[in-house]
Each structure stands twice: as structure tokens, then as C-alpha cells.
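Data block below; observations after.
Given the structure is predicted, the values throughout are model-derived calculations rather than measurements. For the single chain, residues carry numbers from 1 onward in sequence order.
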Amino acid sequence: ATENLIVEQRKVSTASFDVKNRVLTLPILDKNLSSNLYDLFTGHEVGHALYTPLEGMIKVKSEKINPDVVNVVEDSRIERKVKYKYPGLKNSFARAYKELMDMDFFGVEGKDINQMNFLDRINLHCKGGAGLNIQFNDTEKELLNEVENTETYEEVIETSKKIIEYMKQQIKQEQQNKVKVKLLKPLNNIDIII
């Protein structure tokens, strides 16, 4: 990660990165964790180490922007950037996300992904790829395009605010139509720590 990070292996379900203290925590490699998954977890967290600014995370917290939304958008950005910096990770990431989908890591087996909330669909699309055939309306496609083209953390924040506003409008519209809305907790496991 171009710096002397502290790397720890612990009995955890997913990797994480403490932006402030510069500690990368990885699951203990055992027979259930393939080398592709290990590359994904490590590469993803190194992406946070390289590209997720502490001051940006503090801004998100101080402005009370939903961290789940920011994390989904930021995950997309840092994964693109780390795969560009380390091109060998592209294939490992693709194979690992397929493996995670096959393991039902995201808990979507038997569910209609296209009926899930917008944030979950963004997260799954960015991680699982176009092969999941997730449907988006025209407004959602524009927002997804913004997610997939963020370059700076400031753009991540601005795109996140647009997604939050869009989702609020969806809830309001569904309530006006007297449709019962059930918002799910986003599928992402927040993997960055202040």
C-alpha cells in the first residue's frame, strides 16, 4: 500500500481497514478462504488505505451523511483505482466475487434482486458485474453511471447525497401510493473504520 501499514489476521468474517490508525485486518486464511478471496479482501482494503481520506470520512460523519451509501459508492471507486494500480487484481476480483455470489455471501439466494432497494442493487452490480442482469430505471442508470465514474472522495460524497435524495423521493412516492415500503439494511459490510 506504499506505506508501512499494520496488517493483522483475526477471526473476522470480512476484511476491514482503520483509516485513522492505518490497521488492515484480514480474516485468518483457512481451507474455506481461496487465494482469490484473500486477494480480493487484501486488495480492497489496500484500496481504502491508498484512496480513502480520513478527512473525507470525518466530513461524512460531521454532515451526517448516511455512511452505508457513502461506503457503497466509495467501494466502487477504490476497487476501480486499485485494479488500475495493480492490474493483476482484476481477474482475482472477478473470480472472488463470483465465488462470493456462489456462496450466497450477500444473502440474495432465492430473492428477486430487482425488487431490492436501489443501494443494494448498486452494490451488487458494482461487485457482481453486468452478468447479474440487475435492472435500473433511467434515473437510476444516471446515478449508477456517476457511481462508476467517481474519481475523488468529494465526488463520492456528492454522488452519495444524490442517491440519498433519490431514495427519499422513492419512499415518499411509494407512501403516497399507499404501498408498504420495507427498506433493507444495505448488503455491504462497512469495511472502513474511523
Between [X] and [Y], is there a side-chain N and carboxylate O pair less than 4.0 Å apart?
X	Y	value
E158	K161	yes
D102	K98	yes
E140	R121	yes
D75	K127	yes
R77	E155	no

Using every non-hydrogen atom in the two residues, find where [X] and [Y] come nearest and quote the distance to one decimal.
X	Y	value
L143	T159	O-CG2, 4.3 Å
S92	G88	OG-O, 4.0 Å
I65	I164	CG2-CD1, 3.7 Å
A15	L26	CB-CD2, 3.9 Å
P53	V19	C-CG1, 4.3 Å
Y51	V82	CE1-N, 4.0 Å

Side-chain heavy-atom pair [X], [Y] within 4.5 angstrom cut-off:
X	Y	result
I113	M116	yes
N91	R95	yes
Y86	L50	yes

From CA spacing to verdict: side-chain hydrogen bond (donor to acceptor under 3.5 Å, both in side chains), Y166, E142: CA-CA 11 Å; Y166 172 74; E142 287 178 26; over 6 Å; no
Ring-ring centroid check F136 H125, cutoff 6.0 Å: yes
Donor-acceptor under 3.5 Å ([X] side chain, [Y] main chain):
X	Y	answer
E45	G43	no
T42	D39	no
N123	V72	no

Hphob cluster co-occupancy, M103 + V12, side-chain heavy atoms under 4.5 angstrom: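 Hydrophobic grouping puts M103 apart from V12.
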V46 reachable from V23 in the ILVMFWY side-chain graph, under 4.5 Å edges: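 Different clusters: V23 never reaches V46 through Ile, Leu, Val, Met, Phe, Trp or Tyr contacts under 4.5 Å.
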Determine whether the side chains of [X] and [Y] contain a donor N or O and an acceptor N or O closer than 3.5 Å.
X	Y	result
E99	S34	yes
T52	E74	yes
D120	N117	yes

Test log, rule side chain to side chain contact (heavy atoms under 4.5 Å, CB included), inputs T152 and I157: CA-CA 9 Å; T152 67; I157 291 172; over 6 Å; no
Ring geometry between F105 and F41 (parallel below 30°, tilted from 30 to 60°, perpendicular above 60°): tilted
Over 12 foreign heavy atoms within 6.0 Å of CD, E63: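 Buried by this count: over 12 neighbours within 6.0 Å.
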Verdict with supporting geometry, K59 and E154, salt bridge (Lys or Arg N to Asp or Glu O under 4.0 Å): CA-CA 10 Å; K59 179 178 180 179; E154 192 56 44; 3.0 Å; yes
